[in-house]
Amino acid sequence: MNERGKLGEADRKYWSPLTPVLNWVASRVPEGAKVLEIGPGHIPFQRADTFVGWLGEGDNFFKCDIDKDSLPFDDNTLDFVYFRHVLEDIYNLFHVCPEMSRAAKAGYVETLSPLAEMCRGIDASSPRWRGYHHHRYFVWNDGGKLCFLSKYPVVEFIDDDQFDAQIAEVLRNQNLYWNTYFLWEDEIDFHYFQHEIDFNITVDYGELIVKAIQASQASTFSFGEDLSRRSAETPKSA
């Protein structure tokens, strides 16, 4: 395989939250809002005051298996929920998405983008496989709908050196395209693409992945423009 078609150890990996994105999300949260973060990592969301996850401690942390347990909050008692790089890992999105919609009035979801999920060398130690080895889904924002497509093993057998090289080059030069960005209010509108209903794995799975990448790139381009505009409008401190 052409090494230009994968990221290597010398390439910067954008695993951590991007500061401009964090600031943008924080700016969308009203003052005094009750904010939940699901699955907090080593960089907790700055506006969160309550947390849910597998591991943690403290009066404001609740242990919860989000694949099957209800969030420990009454309906619409949360003003905002922050959910970064967890949704692509879980198995029961049909439970988690409605639960967030039930408990919160609004929120933000961020996952790895389909573009990054198709890139070789993304994961730790820059292996040859595509995306993160533990991710279950491609996830993208298509005009305000959060879309999911299972990441089947067949992705490893898609051979196109030129395509791989183009993906790697985009991700080397444009860090925003590493992720999917999804802001929602009232209810999460989502769709899971199913084999033999929405597509056929042996016929048009690759074509659907390409469409997911295109829709994701269009959404990210618009998001980037809004990010730049809001940054320009923010007064500079003296």
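Using a 4.5 Å heavy-atom cutoff, the side chains of Thr50 and Leu78 are not in contact. Counting heavy atoms from C-beta on, the side chains of Thr202 and Val154 never come closer than 4.5 Å. Looking at heavy atoms from C-beta onward, Phe45 lies out of side-chain contact with Tyr108 at the 4.5 angstrom threshold. Side-chain contact between Trp15 and Tyr132 is present, with at least one heavy-atom pair separated by less than 4.5 Å. No side-chain heavy atom of Phe83 sits less than 4.5 Å from a side-chain heavy atom of Leu36. Leu22 has its side chain within reach of Tyr82: a pair of non-hydrogen atoms, C-beta onward, lies under 4.5 Å apart. Looking only at side-chain heavy atoms (C-beta outward), Tyr14 and Asn179 stay at 4.5 Å or farther from each other. Under the 4.5 Å side-chain criterion, counting only non-hydrogen atoms from C-beta, Asp189 is not in contact with Leu146.
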For this session: Please step through side-chain contact (heavy atoms from CB on, under 4.5 Å) for the pair Tyr177 and Phe221, ending with a clear verdict.
Result: CA-CA 8 Å; Tyr177 285 92; Phe221 180 80; 3.7 Å; yes

For this session: Report the C-alpha distance between Ser113 and Tyr181 in whole Å, list the side-chain angles of each, state the deciding distance to 0.1 Å, and finish with yes or no for side chain to side chain donor-acceptor pair (under 3.5 Å).
Result: CA-CA 9 Å; Ser113 71; Tyr181 312 93; over 6 Å; no

Exercise. side-chain contact (heavy atoms from CB on, under 4.5 Å) between His195 and Asn200: does it pass, once the steps are laid out?
Worked result: CA-CA 5 Å; His195 168 59; Asn200 187 293; 4.0 Å; yes

Exercise. Given the rule in the side-chain contact (heavy atoms from CB on, under 4.5 Å) test, do His95 and Asp67 qualify, once you have shown the distances and angles that lead to the verdict?
Worked result: CA-CA 7 Å; His95 174 73; Asp67 271 313; 5.9 Å; no

For this session: For the pair Ile66 and Trp54, evaluate side-chain contact (heavy atoms from CB on, under 4.5 Å) and give the outcome as yes or no after the intermediate values.
Result: CA-CA 9 Å; Ile66 60 173; Trp54 288 97; 5.8 Å; no

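Cluster partners of Tyr91: none. The rule joins Ile, Leu, Val, Met, Phe, Trp and Tyr whenever side-chain heavy atoms lie under 4.5 Å apart, and it links nothing here.
Phe51 and Val25 fall into different hydrophobic clusters, where Ile, Leu, Val, Met, Phe, Trp and Tyr side chains are chained together by heavy-atom contacts under 4.5 Å. With hydrophobic clusters built from ILVMFWY side chains whose heavy atoms lie under 4.5 angstrom apart, Val210 does not share a cluster with Ile167. Cluster annotation: Phe61 is not connected to Ile38 through the hydrophobic network of ILVMFWY side chains, with a link wherever side-chain heavy atoms come within less than 4.5 Å. With hydrophobic clusters built from ILVMFWY side chains whose heavy atoms lie under 4.5 angstrom apart, Phe94 shares a cluster with Val96. Side-chain heavy atoms closer than 4.5 Å link hydrophobic residues (I, L, V, M, F, W, Y) into clusters, and following such links, even through other members, never connects Ile43 to Leu112.
Taking a 6.0 Å sphere around CD of Gln46, one finds it holds more than 12 heavy atoms contributed by other residues, nucleotides or ligands. At most 12 heavy atoms of other shown residues, nucleotides or ligands fall within 6.0 angstrom of atom NZ in Lys211. Counting non-hydrogen atoms of other residues, nucleotides and ligands closer than 6.0 Å to CD of Gln162 gives a total of 12 or fewer.
When only modelled atom types and interatomic distance are considered, His135 and Asp89 share a side-chain donor-acceptor pair under 3.5 Å. Using a 3.5 Å distance cut-off with no hydrogens or angles, the side chains of Glu88 and Thr111 do not pair a donor with an acceptor.
Of the possible donor and acceptor atoms, one in the side chain of Thr180 sits under 3.5 Å from a partner among the backbone N and O of Val139. Formation of a donor-acceptor pair under 3.5 Å by the Ser27 side chain with backbone atoms of Trp24 is found in this model. Using modelled atom types, one side-chain atom of Asp11 and one backbone atom of Gly8 make a donor-acceptor pair closer than 3.5 Å. Distance alone, capped at 3.5 Å, is enough to place a donor-acceptor pair between the Ser101 side chain and the Ile188 backbone. When atom types are taken as modelled, the side chain of Tyr205 and the backbone of Tyr152 share a donor-acceptor pair closer than 3.5 angstrom. For the pair Asp142 (side chain) and Lys145 (backbone), a donor-acceptor distance under 3.5 Å is absent. Thr220 places a side-chain N or O within donor-acceptor distance of the main-chain N or O of Ser216, the cut-off being under 3.5 Å. Between the side chain of Arg28 and the main chain of Leu183, no donor-acceptor pair closer than 3.5 Å is present. For the pair Asp74 (side chain) and Thr77 (backbone), a donor-acceptor distance under 3.5 Å is absent. Not one N or O on the side chain of Trp129 forms a donor-acceptor pair closer than 3.5 Å with the backbone of Arg120.
One finds the CD1 atom of Ile209 at 12.0 Å from the CG atom of Leu115 (value rounded to the nearest 0.5 Å). Within the model, atoms CZ of Phe157 and CZ of Arg130 stand 11.0 Å from one another, a figure rounded to the nearest 0.5 Å. Rounded to the nearest 0.5 angstrom, Met118 CE and Gln166 CD are separated by 12.5 Å. Taken to the nearest 0.5 Å, the CG atom of Asn60 stands 11.0 Å off from the CD atom of Glu37. Note that CH2 of Trp184 is 9.0 Å distant from SG of Cys97, once rounded to the nearest 0.5 Å.
Taking 4.0 Å as the cut-off between side-chain N and carboxylate O, Lys13 and Asp123 do not count as a salt-bridged pair. Salt-bridge check for Asp164 with Lys6: failed, with every basic side-chain N at 4.0 Å or more from each acidic carboxylate O.
Across all non-hydrogen atoms, the minimal contact from Ala104 to Val81 is CB-CG1, 3.9 Å. Of all non-hydrogen atoms in Ala103 and Leu71, the two that sit nearest each other are CB-CD1, 4.2 Å. Here the closest heavy-atom approach between residue Pro114 and residue Ala212 is recorded as CG-O, 4.1 Å. Of all heavy-atom pairs between Pro20 and Leu227, the closest is O-CD1, 3.5 Å. Closest approach of Arg47 to Gly32, counting heavy atoms only: NH2-N, 4.2 Å. Residues Leu7 and Ala168 come closest through the heavy atom pair CD2-O, 3.9 Å.
Annotation: Phe148 is in aromatic contact with Tyr137 [ring centroid separation under 6.0 Å].
Across Trp140, Phe138, Phe199, a single residue satisfies ring-ring contact (aromatic ring centres under 6.0 Å, His included) together with Phe193, and that is Trp140.
For residues 191-204, the set of pairs meeting the salt bridge (charged side-chain N to carboxylate O under 4.0 Å, His left out) definition, not counting sequence neighbours, is empty. Sorted by first and then second residue, the salt bridge (charged side-chain N to carboxylate O under 4.0 Å, His left out) pairs involving residues 96-119 (not counting sequence neighbours) are Asp75-Arg102, Asp79-Lys105, Arg84-Glu110, Glu99-Arg102, Glu117-Lys151.
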